[in-house]
Number of protein chains: 2
Amino acid sequence: MQDSTERLFQAHEFAARAGVTIRTLHHYDRLGLLKPARRTAAGYRLYGARDFARLQQIVTLKFIGLSLKQIKELLDGREFDLATTLRLQRWLLSEQRRRLDLALAAIERAERLTAEHGAPDWDAFKQIVEVITMSDMDWTKKYYSAEAQARIAERAATIPREVVEQGQRDWAALIKECEAAVAESVDPASERAQGLAARWAELLKGFTGGDPAIQEGLNKLYADKANWPASMPKFFSDEVQAFICQAAAVRKNRQE
Amino acid sequence: MQDSTERLFQAHEFAARAGVTIRTLHHYDRLGLLKPARRTAAGYRLYGARDFARLQQIVTLKFIGLSLKQIKELLDGREFDLATTLRLQRWLLSEQRRRLDLALAAIERAERLTAEHGAPDWDAFKQIVEVITMSDMDWTKKYYSAEAQARIAERAATIPREVVEQGQRDWAALIKECEAAVAESVDPASERAQGLAARWAELLKGFTGGDPAIQEGLNKLYADKANWPASMPKFFSDEVQAFICQAAAVRKNRQE
DNA sequence: GATAAGGTCTGACGCAACGTCAGGCTCAAG
DNA sequence: CTTGAGCCTGACGTTGCGTCAGACCTTATC
């Protein structure tokens, strides 16, 4: 299978060609993300063309913001699908960009105020950020009480790693199953749909940290699906959304 | 000085009001960033109104992307000026935003291609990122040789923390002195200007990692200041730029 | 063949900003 | 007085490598 005459590169040249450091190669090796094709008798790493291709995939996926763990699962191809991952990642990046824009706006206004006032104006600066972060919460007001909003804000900062990345696989898998169910025109009141709705609720519970006030808001969200805010994640199709809303409604009725 | 009747809050309520976790307060306490006004006999932290104001400043500065170390230096007020920091930070954030846009564009194109092709197209995906990162390097081609570009790319990823944040204070201080020199119409050939140019070169050397090929490119950059690329940092005025260019030119002549 | 220079190897610790136990106090209510 | 809830202080985990440190390998030179 392997061409025994294939040219192999030592770490130094290989790393230079790929634009990464040797230490990075060591790191990927230990993670099992990229193992060299061979080792010399002395233990030196030797990389081949296939390694190069894989490293380029790694670099590409890293460029769009995936973690090394995600990249490993993707490239090892175990039940992780690229399309859904890309949709999720696109949403994550767009969120980051929105927050960056807010920060930039805050800085620019603070600079203007400082220039006008002659000296840095802390109160104004603080207010700017407050206003900006308030406007960031606009849509939550429709659905959440004041205390729930505070707790959401508290959790919001801790979410990125904890849930989004750790649970990304769970969401991706669940959404995929929902899509399948939609494709098969499964009845939202059926056993299968109810199971999906239950898992969906479970994931949301993890997302909300089990806070009852927040879950109350989510129930309201379910109630009028037409009003799902634009800033909510949209990594699933409208059909899936409608399906899960109906199933959740049925589920709620039965529980009452 | 202190109002002995001032209302003090315990960690739990204080944290909730400020929208941070208790653990964050512990962290800031250990860093010396925010010490509680008092402690009870049992060691419980008690925070006052001034602590609240300071915490809000911290949160604000964190929102615009400053590190805790930078925030501490700013709030402790030792030779760190807000105006320059804001300019530097604005540039940093705009750079981040540019890279985010590139990643988003890559994802969107990859999604389109995947949809058209039916299956994920790794080669196309890889190419997209390559093209994007290439266009990212456009201006460097004018000044750097091929090998130097490779090394720049290699270093580019390692720079954010290492130089920008660590050396930010040095740059800010130097730029400030240059502005003063410009304001006093100091002769670029004078002893003082030459000292500034030497320090400038020293910082750049740190920035380039002492790579001679990269420094060669920087010399070319000095030569025709009119051609400074738009993507280069612009946290100093045109006057400072002209001043440092002239001083560097004089310095170069003398060294030859 | 010895030696010096330079590249490689494997740990192990460092960094940013906290989260998350774990074990031990403290405090208010019943 | 007990119980539960909240606070305290370490100490380790996280992410993606950088940066030594000590030991080994290879190559060129004398």
Side-chain angles (χ1 to χ4, degrees), chain A residues 8-16 18-36 38-47 55 58-59 61-63 65-73 92 154-166 168 206 209, chain B residues 8-16 18-36 38-47 55 58-59 61-63 65-73 92 154-166 168 206 209:
Chain A
L8 295 175
F9 296 91
Q10 235 172 307
H12 180 67
E13 187 172 359
F14 185 74
V20 303
T21 70
I22 293 182
R23 191 60 186 75
T24 301
L25 294 180
H26 290 176
H27 192 55
Y28 293 171
D29 191 356
R30 184 149 52 214
L31 292 185
L33 188 54
L34 178 67
K35 297 268 182 203
R38 265 192 343 106
R39 294 263 200 155
T40 69
Y44 283 29
R45 293 174 176 81
L46 293 176
Y47 293 89
L55 181 53
I58 294 171
V59 170
L61 293 172
K62 206 156 67 70
F63 178 78
L66 295 188
S67 73
L68 294 185
K69 193 193 300 181
Q70 291 177 311
I71 292 173
K72 183 166 160 53
E73 290 176 349
L92 274 178
E154 191 169 336
R155 284 192 58 76
T158 84
I159 289 208
R161 293 278 157 71
E162 188 179 328
V163 171
V164 175
E165 196 165 298
Q166 221 181 71
Q168 192 153 321
Chain B
L8 294 175
F9 297 90
Q10 230 167 306
H12 180 67
E13 187 172 359
F14 184 73
V20 303
T21 70
I22 292 182
R23 192 60 186 77
T24 300
L25 294 179
H26 291 176
H27 192 57
Y28 292 172
D29 191 356
R30 184 149 51 214
L31 292 185
L33 187 54
L34 178 67
K35 297 266 181 204
R38 260 189 351 102
R39 295 264 199 154
T40 69
Y44 284 28
R45 293 175 177 80
L46 294 176
Y47 294 89
L55 181 52
I58 293 171
V59 170
L61 293 173
K62 207 157 65 73
F63 178 78
L66 296 189
S67 73
L68 295 185
K69 193 194 300 181
Q70 291 177 310
I71 293 174
K72 184 165 160 55
E73 290 176 348
L92 273 178
E154 191 169 336
R155 285 191 59 76
T158 82
I159 289 213
R161 294 276 157 71
E162 189 180 327
V163 170
V164 176
E165 196 166 297
Q166 222 181 71
Q168 192 154 321

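In this text the structure is predicted, and so the values were computed from the model without any measurement. Convention: sequence-line order gives letters A, B, ...; per-chain numbering from 1.
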Is there a side-chain contact between [X] and [Y], using heavy atoms and a 4.5 Å cut-off?
X	Y	value
Arg45(B)	Arg38(B)	no
Phe14(A)	Val20(A)	no
Tyr47(A)	Leu25(A)	yes

Can you check whether [X] has a side-chain N or O nearer than 4.0 Å to OP1 or OP2 of [N]?
X	N	value
Lys72(B)	dA17(C)	no
Thr40(A)	dC25(D)	no
Lys69(B)	dA16(C)	yes
Thr24(B)	dA17(C)	no

With His12(A) via side-chain hydrogen bond (donor to acceptor under 3.5 Å, both in side chains) - residues at least two apart: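 Per chain and number, His12(A) pairs via side-chain hydrogen bond (donor to acceptor under 3.5 Å, both in side chains) with no residue.
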Residue list, side-chain hydrogen bond (donor to acceptor under 3.5 Å, both in side chains) with Gln10(A), at least two apart or on another chain: none
Below 3.5 Å is the cut-off: list the nitrogen or oxygen pairs between protein and nucleotides 4-10 of chain C, distance only.
residue : atom : partner  : partner atom : Å
dG7(C)  : N2   : Tyr44(A) : OH           : 2.5
dT8(C)  : OP1  : His12(A) : N            : 3.3
dT8(C)  : O4'  : Tyr44(A) : OH           : 3.3
dC9(C)  : OP1  : Arg45(A) : N            : 2.9
dC9(C)  : OP1  : Arg45(A) : NH1          : 3.0
dC9(C)  : OP2  : His26(A) : NE2          : 2.8
dC9(C)  : O5'  : Arg45(A) : NH1          : 3.4
dT10(C) : OP1  : Arg39(A) : NH1          : 3.1
dT10(C) : OP1  : Arg39(A) : NH2          : 3.3
dT10(C) : OP2  : Arg45(A) : NH1          : 3.1
dT10(C) : OP2  : Arg45(A) : NH2          : 2.6

Residue list, ring-ring contact (aromatic ring centres under 6.0 Å, His included) with Phe9(A), at least two apart or on another chain: none
In whole angstroms, how far is the [atom2] atom of [N] from the [atom1] atom of [X]?
X	N	atom1	atom2	answer
Arg23(B)	dA22(C)	CZ	P	15 Å
His27(B)	dA11(D)	NE2	C1'	14 Å
Leu46(A)	dT26(D)	CG	C1'	13 Å
Leu66(A)	dG16(D)	CG	P	10 Å
Arg38(B)	dC8(D)	CZ	P	14 Å

The helix from dG1(C)-dC30(D) to dG30(C)-dC1(D): angle between end helix axes, five pairs per end, rounded to 10 degrees: 30°
Those residues that, when tested against Arg39(B), pass salt bridge (charged side-chain N to carboxylate O under 4.0 Å, His left out) (two or more places apart): Asp29(B)
Residues that His27(A) engages under side-chain contact (heavy atoms from CB on, under 4.5 Å), provided they are two or more places apart: Arg23(A), Leu31(A), Leu68(A)
With Ala42(B) via side-chain contact (heavy atoms from CB on, under 4.5 Å) - residues at least two apart: Thr40(B), Tyr44(B)
